[in-house]
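Each remark here refers to the structure printed beneath this line.
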Amino acid sequence: MSALYQALYRKWRPRSFEDVISQPHVTIALQNQLREQKTAHAYLFTGSRGTGKTTCARILAKAVNCQHPQADGNPCLACENCLDAERGVLNDIVEIDAASNNSVENIRDLREGTVYLPERCRYKVYIIDEVHMLSSSAWGALLKVMEEPPEYVKFILATTEVHKVPATIISRCQRYDFHRIRTADIAVRLTEIAKAEQFSLTPEAAQLIAHLSDGGMRDALSLLDQCASVGEEITASSVTQTAGVAGRDSVFTIIEAIQSKDGARALAETGTLYDQSKDMVRLCDELLEQLRNMMLLKVQMGQAELLTCLPDEVPKLQELSSKSTLNDILSQISTLQDCREQMQHGIGKRVELEMTLLQLTMPNYITQPVPQLTPSQSPPQPNDTAGAAPTADGEKTKPLRASDFTPVQNWLEILEAYQKVNPGVSGSLAESSAFTAGNTMLIVAKNRFFLTLLKNKENALSLRETVKQFLGVDYNIRAKCSEPEQSSGSKAQSLVEKAQAMHLDTEVE
């Protein structure tokens, strides 16, 4: 009877610290503690998925209980304790999945277990994975045992969401943050594993798998495993097909359609990808990723470590970025981010993306609603009041009259300083003016995109802080556009006409 197949991510899981890649700041520190026999009673490992948190927890648990520890702090991997730990049958190393064992009763059972001495080992080690999933009452029970643990007990907590871990728990642990694994390191490791497994893996395919794994080695090995089951030779094309991604050519085609305002082409390419069962959410992510690369290239920050693309994609991205202004790229990113958010909550993901592509390719016919006051070049007219509008911190202000506002005389000086703080937003404030009344500042901008940028809390905060440096007041910022907006009726009619011109179906059933 042939042996059962073992998934690559399990077969090639690191067994010692020297096998762990891209985390030297963690492994070296742990090895030093082991050599000096000064290990802590509790550790907290944080970081994104697939970066080695649980793997290092298991290696550490083996190392503190190894019968023949190595001089460099690694476990020997040959003694009974090491072998049983790797098989998962060493009772003194207890792994708990907090995602499914998160009640106070589960932690009470753990606490009761700490009363008993280890059966065979020097330490009883509790590894709690996804610890952020514990209930509030379970946190309290865990805290009690972590405050004064027996000297023979150690805890290793692992989480992808450290912000959900109470400060009282964090303060009792040595914390180690695991970084996303470098794409180049993942590609090298994939090539080594493919050679050992006798897979035919091209360098381009290794780079693409590493890129798609988003810094997680487990995801990379799972995708390699999946690709190997499809065909004998693993190429970039087969990876694209297996992973269900759009492929760079299709993504660039859609971006080119956005640049040329060709809605029909953008929708046609999207429809082709949909027919091929490509994930529309992932397509949106890929568009955002490449637009981010274009943004970095546009502001001359396209260093290799910042770009998230394959090396041979850079010339194409440089060509695309040269055809767009920075404001255009920022606007496209903002619009697609809103689309991505909507796709998370709705069921019509294809429709949501198609609507967004039409907004990007037909800006004169479709305008997203934005918070604003009555458009004009000046504050509200006499006898009119400016209705309550959202401020930078999300609050609402009382109606104000034109007589309440006074112009900001040094507005150009403020904008010049803000250019150094946030060049993306300051660019959208060209030909703008500002007025103040009480603790309210009203900005009248010619570029409607500024209203969208101001909705971002970080943008609003940076603008408020710059204004405060000059005027000494922490103003609530309100904004309006000086350019008139099309009426809803004319916009709708224009949209229908444009759709008919592109031979799209305008009948409503």
Side-chain angles (χ1 to χ4, degrees), residues 325-328 330-331 333-335 337-338 341 359 363-364 366-488 490-491:
T325 66
L326 180 59
N327 274 347
D328 285 341
L330 292 174
S331 176
I333 290 175
S334 178
T335 302
Q337 284 178 327
D338 290 342
E341 181 69 22
Q359 290 169 355
N364 295 329
I366 304 174
T367 305
Q368 292 180 300
V370 289
Q372 56 180 306
L373 306 176
T374 304
S376 72
Q377 289 285 2
S378 59
Q381 298 298 316
N383 303 323
D384 287 341
T385 60
T391 63
D393 55 10
E395 299 177 352
K396 290 190 175 183
T397 59
K398 295 180 180 180
L400 295 169
R401 295 180 176 276
S403 58
D404 298 327
F405 289 94
T406 56
V408 177
Q409 300 297 334
N410 58 339
W411 181 237
L412 292 179
E413 185 180 355
I414 294 173
L415 289 183
E416 184 177 350
Y418 190 50
Q419 167 72 24
K420 301 176 182 178
V421 176
N422 196 330
V425 178
S426 66
S428 66
L429 285 171
E431 301 181 52
S432 66
S433 52
F435 306 83
T436 59
N439 67 341
T440 298
M441 171 175 282
L442 173 65
I443 299 176
V444 182
K446 186 175 182 180
N447 189 338
R448 187 173 298 277
F449 181 50
F450 170 69
L451 304 180
T452 301
L453 293 177
L454 190 62
K455 291 191 292 182
N456 181 288
K457 290 184 179 180
E458 292 183 1
N459 292 338
L461 181 61
S462 64
L463 181 55
R464 285 177 64 169
E465 290 177 346
T466 303
V467 169
K468 185 177 180 180
Q469 290 175 6
F470 281 81
L471 303 183
V473 179
D474 189 16
Y475 284 107
N476 290 323
I477 297 178
R478 300 163 63 185
K480 68 175 183 177
C481 182
S482 59
E483 297 299 316
E485 186 179 5
Q486 285 183 283
S487 67
S488 59
S490 62
K491 285 192 296 183

- Query: Which pair of non-hydrogen atoms, one from A445 and one from S428, has the smallest distance, and what is that distance?
  - Reply: CB-O, 4.5 Å
- For S331 and F449, work out which heavy atoms get closest and say how close. CA-CZ, 3.0 Å
- Item | Taking every non-hydrogen atom, the tightest pair across S462 and Y418 | OG-OH, 2.9 Å
- Euclidean distance, I443 CD1 relative to L415 CG, rounded to 0.5 Å: 8.0 Å
- Heavy-atom side-chain proximity of V408 to F470 below 4.5 angstrom: no
- Between R464 and Y475, the two heavy atoms sitting closest are NE-O, 3.1 Å
- Side-chain heavy-atom pair T452, T335 within 4.5 angstrom cut-off: no
- Message: Set out, in order, the CA-CA distance, both residues' side-chain angles and the distance that settles side chain to side chain contact (heavy atoms under 4.5 Å, CB included) for V425 and L454, then state yes or no.
- Response: CA-CA 8 Å; V425 178; L454 190 62; over 6 Å; no
- If every non-hydrogen atom of F435 is compared with every non-hydrogen atom of P407, which pair is closest and at what distance? CD2-CA, 3.7 Å
- With rounding to the nearest 0.5 Å, note down the distance linking CG in L463 to CG in L429. 6.5 Å
- Note on the structure: Across all chains, not counting sequence neighbours, the side-chain hydrogen bond (donor to acceptor under 3.5 Å, both in side chains) partners of T466 are none
- Query: How long is the span from the CD atom in Q359 to the CG atom in D338, to the nearest 0.5 Å?
  - Reply: 9.0 Å
- Message: Quick one, E465 and V421 - any side-chain contact, counting heavy atoms below 4.5 Å?
- Response: no
- Query: Nearest heavy-atom pair of C481 and L451: which atoms, and what distance?
  - Reply: CB-CD1, 4.0 Å
- Task: Could you tell me the separation between the OG atom of S426 and the CG atom of N459, rounded to the nearest 0.5 Å?
- Result: 10.5 Å
- About how many Å separate NZ of K468 and CG of L461, when rounded to the nearest 0.5 Å? 10.5 Å
- Item | Atom pair CE (M441) and CZ (F405), whose distance is rounded to the nearest 0.5 Å | 11.0 Å
